[in-house]
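So that the names make sense, note that chain A is the first sequence line, chain B the second, and so on, each numbered from 1.
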Amino acid sequence: MASVSNAAKLTISFVSCCLMTFLSLNSEHLNSAEEPTLNALNMNALHKAVHFPQRFRFSSILSLNGILNPEIFKFNSFSTVLTDKTDSKPKISDQVSVISELISKQHWRKIRDILKESNPDEILQQLLDSEADPRVIIQYFRWLEGALGVLHSLDMYCRMLHLLFDGRVYSQVRKLLNGLVQNEKYSISEIFHKLSMSGDSFGVNSVLVDMLVQAYVRNSKLSMAVEALKRAWDYGFKLSVLSCNPVLSALADANDVKGMEYAFKEMIRRRIQPDIITFNTVISGFCKVGQLQKAGDCLEDIKIWGLSPSVVTYNALIDGYCKKGRIGKMNRADALLKEMRSMNICPNEITYNTLINGFCRDQNLSAAMRIFKEMQDKGLQPGVITCNTLIKGFCADGKMGDALDVQNVMFLLDLKPDIVTYNVLINGYCKKGMLKEARELLDDADEKGLTPTVITFNTLIDGYCKVGMMDEAVALQKLMMKRNVDPDISTYNCLINGFYRNGDAQAADNLLKTMKKIGHTADIVTYNIMVGALCKKGKTRKAARLLDEMLEMGLAPNHLMYNTIIDGYCREGNITAAMSLRMQMEKDGKRANVVTYNVLIKGLCIKGKLEEANQLLNEMLEKGLNPNRITYDIIKDEMIEKGFVPDIDGHLYTQSAVP
DNA sequence: TTAGGGTTAG
C-alpha cells in the first residue's frame with residue numbers, strides 16, 4: 001500500500017478534527033433525513049484518501065473556511081471535494097447513447113421497438129457499464145420492472161445501488177432500497193453476501209447497509225431490521241448510529257423493550273458510539289413500559305459517555321413518572337424539573353404540558369394550575385395543547401365551569417380552540433349525562449369551521465349509548481357516514497355495548513354481523529364487551545370459549561378479559577373453573593393482578609371459604625401486590641365475623657384467640 | 001432518528 005506523506009496525514013487529521021467539531025456544533029442544522037449517511041460518507045472519503053492519496057487531489061475548496069461553511073456542507077458531502085482522477089470507464093457506445101437519450105425524453109414506445117431486437121437485460125448491463133447518468137439508468141431500471149414486469153437479479157440491484165450511490169443520488173438509493181425490502185424477494189444473507197462481493201471495501205457497503213436497515217424500519221419490517229443489525233458485523237459492515245437509532249425507536253414504539261435493550265447492548269458491543277438521540281430513545285422506551293429505574297440509570301449513563309442530557313431527555317423522564325410512576329410520582333416529576341433547571345437545561349412548552357397532564361391525571365388541578373401559571377411567569381406562552389390538557393383535567397373532575405373558563409382564557413391568549421378542544425368538552429358533558437350541551441358543541445364546532453373527526457362522533461355516540469338514547473346514537477352514526485367520516489371499530493364498540501347494556505342483545509348481535517360483513521375486525525375491546533355481556537347473563541362458559549376464538553384471530557386476551565371471566569365463574573359459584581382459568585392466564589404470561597385476587601377472594605368469601613380467601617390475601621402480599629380498599633372491603637366484615645382479626649397494619653388476617 | 005393533548009371494554 002502506498003504510504004501517505006506526513007503533510008497529507010497532518011492535513012487530513014486537521015481536517016478530520018475540524019469536520020468532527022463542525023458536525024458536533026452543527027448537527028442541528030444538518031438535515032439528516034435528506035442526508036442520513038453524511039457522517040459516514042465523509043469519514044469514508046477521508047479513509048479512502050488516507051489509503052490511496054495518489055488517486056486523489058484535494059480541491060481548493062478544502063479549506064478551513066469551506067469546511068466550516070454549513071452551506072457548502074449542506075450541498076457537498078466531503079467526498080464532493082475529492083475528485084477521483086483514475087476512474088476511466090469505457091466510452092459510451094452509440095446504442096447506449098441512443099437509449100439514454102430516449103429514456104431522458106421518456107420515449108418508451110421507441111424503446112419497446114428497440115427491445116424487439118435486443119435483450120432488455122443486456123441493455124441494462126451496457127447502461128450500467130457506461131458513463132450514462134445514474135438518474136437516467138434508474139428510470140430504465142424501474143420501467144423494466146413496472147412496464148415489462150422484469151424481476152431484476154440481486155446482482156443488478158447491487159450494481160444499481162452502487163452506481164446511484166457513487167452518483168450521490170441518495171433519494172433514489174432510498175427508493176431502490178424501499179423496493180428491495182418491500183418485495184422481500186431476497187433474504188438478508190443473500191443481500192449481505194452479494195454486497196460484500198461487489199463494490200469497494202472502503203465503507204460504501206457499510207453505508208448502503210446502514211441505509212438498508214433504515215429502509216427495513218421505514219417499511220415496518222422491524223424483525224428484518226433487527227436481523228440486519230445483528231448480522232451486519234459478520235459480513236464486516238460497520239453500521240452507524242444513524243441506522244441504530246431508528247431501530248431502537250421502532251422497537252420502543254412496538255413496546256419491545258427487551259429487543260430494544262438487546263439492540264442497544266449490541267450497538268455498544270460493536271463500538272458504535274451512541275448519541276443523545278440514542279439515549280433519549282432508550283429512556284423513552286423504558287418509560288413507556290414503566291421501567292423507570294432503568295430509564296433513570298440511562299440518565300447517569302449519558303454522563304459516563306461524555307454526553308449531556310437534553311430537554312428531550314428530561315421531558316421523556318418526566319412523562320414516564322407522570323404516566324407510570326407510583327406513590328410520590330409527581331414529586332419525582334417536580335424534582336426532575338428542578339434538576340433540569342439546575343443543569344441549565346431550559347424547560348420548554350412540552351415540559352410544562354407534560355407536567356400539567358400529569359397533575360391533571362392525578363386529579364390535582366391546583367398543582368396543574370400552578371404549573372400553568374409558572375410557565376407564563378417564565379415567559380412561555382401556553383399553547384392549544386396546554387389548554388386542552390387543562391380543560392380535560394377539569395372535565396375529568398366534572399368541573400365544566402372551570403373547563404369553560406380555560407376555554408375563555410384561550411380567547412384572551414389569542415389561541416383558537418381546535419377540534420380536540422371540542423372533543424374534550426363534548427366528552428366532559430357526555431360523562432355528566434348532559435347530552436344536549438354536548439350536541440350543541442358539535443353544532444358549534446361546525447359553525448366555527450372545524451371538521452368533526454371520528455373521535456368527535458364516537459364520543460357523542462358513546463354519550464347517547466350510556467344514557468340509553470340508542471335512536472339518537474344510531475342517527476349520529478348515519479350522520480357521520482353522510483358527512484364522509486367513516487365509523488371505525490370504536491364506533492361499533494360503543495354501539496354494540498350500548499345495545500347490550502340496554503338489553504337489546506339482538507340488535508348488538510346484528511350490528512356485530514354487519515360490522516364483520518363490511519370488513520371491520522373485532523378488536524380486544526369488542527371481545528371484552530361480548531365477554532362482559534355473556535358473563536352478566538350467566539353464560540360464563542360461552543364467554544370462556546371466546547378466548548380461543550381470540551387467540552385464533554391473533555389477539556391476546558388482556559387482564560380485563562381474564563378477570564371478567566374469572567369473576568363470572570365466581571359469581572356462578574364455580575371456584576374450580578375460576579382457579580383453573582387463573583392458572584391459564586399465568587401460563588399465557590399474564591400475572592394475576594389485584595383485580596384477579598379481589599374477584600377470587602370475593603368468590604371464596606361468598607362460598608364461606610375464609611381460610612382460602614385469607615391464603616390468597618397472603619399470597620398477593622408475598623408477590624408484592626398491594627391489596628386495595630376493595631380487597632379489604634370484601635373480606636373485612638366476614639373475616640371479623642368469623643373470628644379473624646387484622647394484624648397491626650390492618651393487612652393480614654389471623655385467627656383470633658378471642659372468639 | 002428523541003419529548004406533550006382528544007373516543008370505545010372496566
Q) Taking NZ, NE, NH1 and NH2 as the nitrogens, is one of them in A:Lys590 or A:Asp588 under 4.0 Å from a carboxylate oxygen of the other? A) no
Q: Using a heavy-atom cut-off of under 4.0 Å over every strand shown, decide if A:Asn563 touches base, sugar-phosphate, or nothing.
A: nothing
Q) If you take atom types as modelled and just measure distance, does the side chain of A:Asn353 reach the base of B:dA3 with a donor-acceptor pair under 3.5 Å? A) no
Q) To the nearest angstrom, how far is A:Lys431 atom NZ from B:dA9 atom P? A) 7 Å
Q) Heavy atoms under 4.0 Å, any strand shown: does A:Lys288 hit a base, just sugar-phosphate, or nothing? A) nothing
Q | A:Ser284 and A:Thr281: side chain donor to acceptor below 3.5 Å | A | no
Q: Tell me which nucleotide among B:dA3, B:dT8, B:dG5 gets nearest to the side chain of A:Val384.
A: B:dG5
Q: Report yes or no: is there a donor-acceptor pair, N or O only, under 3.5 Å between the side chain of A:Thr386 and the base of B:dG4?
A: no
Q: Could you state the atom-to-atom distance from CG of A:Leu355 to C1' of B:dG4 in whole Å?
A: 10 Å
Q. At under 4.0 Å, does any side-chain N or O of A:Lys392 touch on OP1 or OP2 of B:dG6?
A. yes
**Q.** Polar side-chain contact A:Ser490-B:dT8 base: donor and acceptor under 3.5 Å
**A.** yes
Q. What nucleic acid atoms does A:Ile426 come within less than 4.0 Å of, heavy atoms only: base, sugar-phosphate, or nothing?
A. nothing
Q: Kindly point out which of B:dG6, B:dG10, B:dT8 is positioned nearest to the side chain of A:Leu560?
A: B:dG10
**Q.** Nucleotide B:dG5, atom P - distance to CG of A:Asn388 in whole Å
**A.** 11 Å
Q: Could you list by number each residue of residues 522-540 of chain A showing a heavy-atom separation from DNA chain B of less than 4.0 Å, or answer none if no residue does?
A: A:Val525, A:Asn528, A:Ile529
(Q) Does atom NZ (A:Lys288) have a neighbourhood of more than 12 heavy atoms from anything else shown, all under 6.0 Å? (A) yes
Q: Mind telling me whether A:Phe279 and A:Phe264 have parallel, tilted or perpendicular rings, with 30° and 60° as the class edges?
A: perpendicular
Q | Rounded distance (Å) that lies between atom P of B:dG4 and atom OH of A:Tyr352 | A | 18 Å
Q.
Without decimals, in angstroms, what is the distance between A:Tyr500 OH and B:dG10 P?
A. 13 Å
Q) Where the side chain of A:Ser249 is concerned, which of B:dT8, B:dT1, B:dG6 is the nearest nucleotide? A) B:dT1
Q: Give the nucleotide from the list B:dA3, B:dG4, B:dG5 with an atom nearest to the side chain of A:Thr354.
A: B:dG4
Q | Passing option when A:Tyr527 is tested against A:Asn558, A:Leu560, A:Leu555, A:Leu547 for side-chain contact (heavy atoms from CB on, under 4.5 Å) | A | A:Leu555
Q. Any side-chain N or O of A:Asn357 less than 4.0 Å from the OP1 or OP2 oxygen of B:dG4?
A. no
Q: Determine whether the side chains of A:Asp509 and A:Tyr500 contain a donor N or O and an acceptor N or O closer than 3.5 Å.
A: yes
Q | Non-neighbouring partners of A:Asp275 that pass side chain to side chain donor-acceptor pair (under 3.5 Å), sequence neighbours left out | A | A:Asn245, A:Thr278
Q: Please identify each residue that fulfils side chain to side chain donor-acceptor pair (under 3.5 Å) with A:Arg270, with sequence neighbours left out.
A: A:Glu266
Q | Among B:dA3, B:dG10, B:dG6, the nucleotide that comes nearest once only the side chain of A:Ile419 is considered | A | B:dG6
Q) Base, sugar-phosphate, or nothing: which does A:Val424 touch, judged by heavy atoms less than 4.0 Å apart? A) sugar-phosphate
Q: State whether A:Lys466 places a side-chain N or O below 4.0 Å from either non-bridging phosphate oxygen (OP1 or OP2) of B:dA9.
A: yes
Q: Mind checking A:Asp488 for me? I need base, sugar-phosphate or nothing, with any heavy atom below 4.0 Å counting as a touch.
A: nothing
Q: Starting at atom CG of A:Asn593, determine the distance to atom P of B:dG10, rounded to an integer number of angstrom.
A: 16 Å
Q: Have a look at A:Thr278 and say if it touches a base, only the backbone sugar-phosphate, or nothing, with a 4.0 Å heavy-atom cut-off.
A: nothing
